[in-house]
Amino acid sequence: MILNLRTLTTSLVIMLSLGASANTAQASSSSLSLPLQGTSSQPQDLTLEPAFWWAGMHNPELQLMLYSRDFPSLPQQLKVDIQGQGITLKSLEHTDNPHYLFINLDLSQAAPQTFELVISSTDSASKTNTPLYRLPYTLQARAEGSRERQGFSNKDVIYLITPDRFANGDTSNDNQADMIEQVASNTLSNPSTPYYPDARHGGDIAGISQHLAYLAKLGVTQLWINPLLENNQAQYSYHGYSITNLYRVDPRFGSNEDYKALVAKANKLGLGVIKDVVVNHIGSNHWWLNDLPSQDWLNNDTKTPLNNHESKPDLTQSADTKSSAIKSSVTSPRFTSHRRTTVQDPYAAAQDHIDFVDGWFTDTMPDLNQSNPKLATYLIQNSIWWVEYAGLSGIREDTYSYADKGFLAKWSKAVMTEYPNFNIVGEEWTANPITVSYWQKGKINADGYTSDLPSLMDFPLYEKLIASLNEPETWDTGFIKLYEMLANDVVYADPSQLVLFEGNHDTNRIFSLVKENIDLYKMALTYVLTAKRIPQLFYGTEVLMTSPTEGRHDGVVRSDFPGGFANSATNAFTGQGLSEPQRQAQQFVRTLLNYRKQSPALQSGDLLHFVPQDGVYVQFRCVLNAPLSAEQKAEALKSRIQNNSLTQHNACTQPSADKVMVIYNKNNKAVTLDINRFASVLGDSGAATDIISGKTVSLNQAITLPHAGVTILELKPNSKTKTKSPLNAGLPSRQDSMRSRNQANALTRAHTNNSTNNSANNLAKNSTQKGTQP
């Protein structure tokens with residue numbers, strides 16, 4: 001039933017059957033509360049979420065969740081009147097808990113305004129039909145260009161911050177009367193007490209805001225901040241992933257208004273802000289847990305039967321999904337198996353899928369049942385609310401594959417439809433590219449699953465990066481692992497949109513993982529920042545923060561940033577007290593980041609790399625100064641076919657492209673790099689600029705690499721190259737052809753000599769090597 005009286009009061013009386021009641025405890029005081037109106041009784045709390053919305057959203061539908069212990073026990077006794085302009089009251093919905101009311105509105109004809117929700121009881125005992133609540137509700141005007149906002153992209157470098165550990169800018173908010181876990185006695189600001197790695201330290205929004213200039217000067221362009229929402233938990237509340245109020249910033253970090261102001265200030269300095277979103281679970285002290293909206297609001301709830309699995313459309317019905325063990329009541333939750341492949345494994349038992357998706361992380365992180373349509377709508381609206389309210393440029397979605405996959409498709413589509421230029425990166429923590437690629441937008445999956453998720457964290461490439469740097473250089477270890485991993489990019493719909501990182505809040509520190517070898521450290525950071533990916537750095541990496549190298553040590557990995565807290569021995573913001581290696585590392589990062597900000601080649605250029613040889617690995621990033629004409633594209637395609645080359649169309653093979661050459665060298669002694677091997681890319685370039693040292697490097701002779709490390713060279717096409725005939729585009733120059741021919745002849749001679757000198761035993765040994773035949 002839909003009533004649409006746009007200039008008058010719209011009303012709807014619901015007639016629904018009553019389901020079973022749930023717990024009846026009060027909502028926590030951290031929930032949005034409004035006083036009871038129109039009665040002489042003592043005011044009671046009412047929770048209304050979201051507290052306000054916007055007119056002119058692309059999706060005009062809005063669902064309001066209201067919670068009150070004063071609602072009548074029979075839902076058919078509730079009446080809702082809407083007193084506003086252009087607002088359609090579509091329907092009212094209930095669950096098996098009569099304390100909740102869901103109001104569905106159509107705002108397609110509504111302008112910005114404040115209207116009134118009048119909620120009344122039609123109980124026959126209440127002859128006066130006095131309203132229970134008269135609630136003002138505001139539809140705000142959207143900020144100009146909100147829908148067209150630009151999300152993070154390949155032009156950006158993301159900087160991850162754990163807010164409790166970055167900087168304490170306001171010590172007055174360290175402890176809050178309504179928060180369980182306290183701060184003061186557990187921080188470095190009190191030197192008489194020991195350092196507690198798993199406790200709250202007091203970092204906050206003010207601390208981030210006060211150091212935005214440092215971050216802008218460093219050269220990052222996006223801030224990914226670990227969750228700032230309320231975590232009113234007894235322990236480990238600092239990390240933010242046990243959310244107890246999805247619409248409230250934790251007061252120990254600041255307020256909602258502080259967060260919004262932080263984003264605005266960051267934007268003025270050229271910094272976007274990415275929100276860390278969690279849809280898989282909540283904290284055990286969330287106010288819902290006092291009185292669940294419905295019996296199927298959680299998966300494997302400790303208080304309700306596990307009877308909601310059959311409704312999940314993506315699960316195959318089989319005997320094990322209907323067993324009495326699943327449908328029986330339990331006294332404790334089941335925990336997730338963490339077996340991520342069960343979501344897409346064509347042979348996985350349905351029970352194994354359930355054990356992964358519906359299991360809890362811990363008993364303090366209840367697992368949400370996103371297949372409940374009201375909860376799904378709530379979570380989608382919550383994500384959109386924060387994007388619109390705070391002015392965000394991206395979302396990082398935690399534990400992506402752990403949530404219901406049907407919901408994830410709806411969630412990603414809803415957000416990206418509302419903001420077409422936005423960006424979302426999902427966390428799928430696995431080293432298998434096939435598992436990661438399943439979730440990306442545009443991937444054609446065998447089971448027909450589609451997603452609107454643009455980006456994922458590139459854990460597979462990260463894992464290979466760490467391994468390749470630490471391994472010795474042999475036939476099948478070292479750089480070759482990193483080289484061969486990139487061949488797996490063919491399984492992704494768009495590998496360039498993945499986010500590659502050198503570390504995050506869940507991984508041990510990169511400087512420690514490379515055994516505090518500064519050369520390997522620079523190689524790792526250079527690879528992340530020059531890869532055909534969206535790069536991400538972890539706070540403190542630029543000043544060589546360390547950690548253990550084995551196992552999980554979250555509290556230590558997320559140690560305090562130097563200079564962010566009172567009594568810090570060093571200050572990375574000012575440079576005071578930093579060691580010489582720390583200063584050099586910070587300057588290296590700053591130089592590379594700021595160069596990347598003005599380098600189209602590193603931001604969006606093509607990638608071309610050469611098989612690592614003798615401990616040296618060379619990559620190129622290249623971008624055309626102007627798009628190829630139709631004639632040039634046709635000629636390049638013809639050349640590609642004739643030469644049976646997958647990279648002949650690559651911008652690195654075009655003489656007129658701007659190019660960046662990156663040389664990774666593991667040799668601890670001086671080596672000479674014969675640049676003739678790279679003639680097809682170098683072309684007629686006679687010199688390059690070392691972007692770290694600023695020195696000019698000749699390309700007319702072999703390059704001497706004096707020691708292990710990384711060399712980053714900028715190549716510019718000369719004027720003669722720029723005026724070459726379009727017919728030559730995509731084809732090797734005469735000089736290239738001569739070099740290639742000479743190189744091929746040299747390789748042939750070397751192969752012939754080597755074959756002659758090798759004994760039969762050596763040939764047999766060589767036949768066991770990967771990629772060779774006897």
Side-chain angles (χ1 to χ4, degrees), residues 157-162 165-166 197 220 224 226 239 427-433 436 457-474 476-486 498-531 533-562 572 578-579 581-582 584-586 588-589 592-593 612 615 617 619 662 664-668 707-710:
V157 174
I158 301 169
Y159 188 86
L160 167 59
I161 293 174
T162 301
R165 307 300 174 83
F166 187 67
V220 299
W224 159 24
N226 286 150
H239 61 59
E427 179 199 30
E428 171 56 280
W429 191 346
T430 177
N432 187 343
V436 175
M457 306 301 296
D458 196 347
F459 278 93
L461 194 55
Y462 162 78
E463 297 284 356
K464 280 296 184 288
L465 174 62
I466 303 302
S468 69
L469 291 175
N470 284 312
E471 291 177 348
E473 289 298 306
T474 68
D476 57 358
T477 63
F479 282 140
I480 192 63
K481 285 189 174 179
L482 194 57
Y483 173 88
E484 291 182 343
M485 175 54 76
L486 284 181
L498 302 178
V499 172
L500 180 61
F501 52 96
E502 46 74 28
N504 63 35
H505 58 293
D506 291 323
T507 67
N508 290 318
R509 290 278 179 175
I510 183 64
F511 189 51
S512 297
L513 290 176
V514 295
K515 303 176 179 62
E516 300 191 11
N517 181 315
I518 193 67
D519 293 321
L520 294 179
Y521 161 87
K522 289 181 179 179
M523 289 187 214
L525 265 63
T526 300
Y527 190 88
V528 170
L529 294 170
T530 63
R533 296 292 195 268
I534 301 171
Q536 176 247 297
L537 303 179
F538 189 30
Y539 80 95
T541 291
E542 73 271 25
V543 288
L544 307 179
M545 286 181 66
T546 60
S547 73
T549 58
E550 300 291 338
R552 288 290 293 264
H553 304 273
D554 291 347
V556 178
V557 167
R558 307 160 190 170
S559 293
D560 294 347
F561 187 85
L578 292 180
S579 67
Q582 285 179 308
Q584 290 181 5
Q586 190 180 50
F588 176 84
V589 173
L592 185 49
L593 285 177
Y617 181 22
Q619 290 190 333
V662 186
Y664 301 94
N665 173 34
K666 276 193 188 176
N667 297 281
N668 290 319
H707 54 72
V710 61

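Keep in mind the model is a prediction, meaning the values are calculated, not measured.
With no hydrogens or angles considered, a side-chain donor-acceptor pair links N667 and N665 at under 3.5 Å. Remark: the T549 side chain and the N508 side chain contain no N/O donor-acceptor pair separated by less than 3.5 Å.
Summarising the geometry of M545 relative to P562, their closest heavy-atom pair is SD-CD, 4.0 Å, with the distance given to 0.1 Å. The two atoms that bring A524 and L465 nearest to each other are O-CD2, 4.0 Å, heavy atoms only. The shortest heavy-atom contact between S547 and V556 is CA-CG1, 4.5 Å. Shown here for G540 and R509, the closest heavy-atom pair between the two residues is C-NH1, 3.8 Å. Closest of all the heavy-atom pairs between H553 and E550 is NE2-O, 2.7 Å.
D506 places no side-chain N or O within donor-acceptor distance of the main-chain N or O of D554, the cut-off being under 3.5 Å. Between the side chain of K666 and the backbone N or O of Y617 there is no donor-acceptor pair closer than 3.5 Å. The backbone N or O of V557 sits nowhere less than 3.5 Å from a side-chain atom of R165 that would complete a donor-acceptor pair. Side-chain N or O atoms of Q586 include one that pairs as donor or acceptor with a backbone N or O of A572 at under 3.5 Å. In terms of modelled atom types and a separation under 3.5 Å, the side chain of T507 and the main chain of G503 share no donor-acceptor contact.
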Report task. Assess whether side chain to side chain contact (heavy atoms under 4.5 Å, CB included) is satisfied between L537 and V589, documenting all intermediate values. Result -> CA-CA 10 Å; L537 303 179; V589 173; 4.1 Å; yes
Requested in this report: Decide yes or no on side chain to side chain contact (heavy atoms under 4.5 Å, CB included) for D458 and V436, but give the supporting numbers first.
Outcome: CA-CA 8 Å; D458 196 347; V436 175; 5.9 Å; no
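At least one side-chain heavy atom of Q536 sits less than 4.5 Å from a side-chain heavy atom of M457. Contact of the P433 side chain with the M485 side chain is registered, since non-hydrogen atoms from C-beta on lie closer than 4.5 Å. With contacts defined as side-chain heavy-atom distances shorter than 4.5 Å, the pair L461/L482 qualifies. In this structure the side chain of L469 reaches within 4.5 angstrom of the side chain of M523, judged on heavy atoms. Between L486 and Q619, some side-chain heavy-atom pair lies under the 4.5 Å cut-off.
Salt bridge annotation for K481-D476: absent, with no cationic side-chain nitrogen under 4.0 angstrom from a carboxylate oxygen.
Note that CG of D519 and NE2 of H707 are 6.5 Å apart. Values are rounded to the nearest 0.5 Å. With values rounded to the nearest 0.5 angstrom, L529 atom CG is found 5.0 Å from L592 atom CG. Distance CG/N226 to OG1/T162: 4.0 Å, rounded to 0.5 Å. The structure places OH of Y664 at 9.5 Å from OG of S468, a figure rounded to the nearest 0.5 Å. Note: N504 CG to I510 CD1 = 11.5 Å, rounded to the nearest 0.5 Å. Considering CG of L525 and CG of L520, their distance stands at 12.0 Å, rounded to 0.5 Å.
Classified by interplanar angle (parallel below 30°, tilted 30° to 60°, perpendicular above 60°), the ring pair F166/Y539 is perpendicular.
For the ring pair (Phe, Tyr, Trp, His ring centres under 6.0 Å) condition, the pairs that include at least one residue of residues 501-525, sequence neighbours left out, are W224-H505, Y241-H505, F459-F501, Y462-F501, F511-Y521.
Qualifying side chain to side chain donor-acceptor pair (under 3.5 Å) partners for S579, counting only residues two or more places apart in sequence or in other chains: Q582. Residues satisfying the side chain to side chain donor-acceptor pair (under 3.5 Å) test with E516, not counting sequence neighbours, are none. Applying the ring pair (Phe, Tyr, Trp, His ring centres under 6.0 Å) test to Y483 and every residue at least two apart in sequence or in another chain returns H609. Every residue meeting the side chain to side chain donor-acceptor pair (under 3.5 Å) condition with E502, not counting sequence neighbours, appears here in chain and number order: T541. The side chain to side chain donor-acceptor pair (under 3.5 Å) check on N668 picks up nothing, with sequence neighbours excluded.
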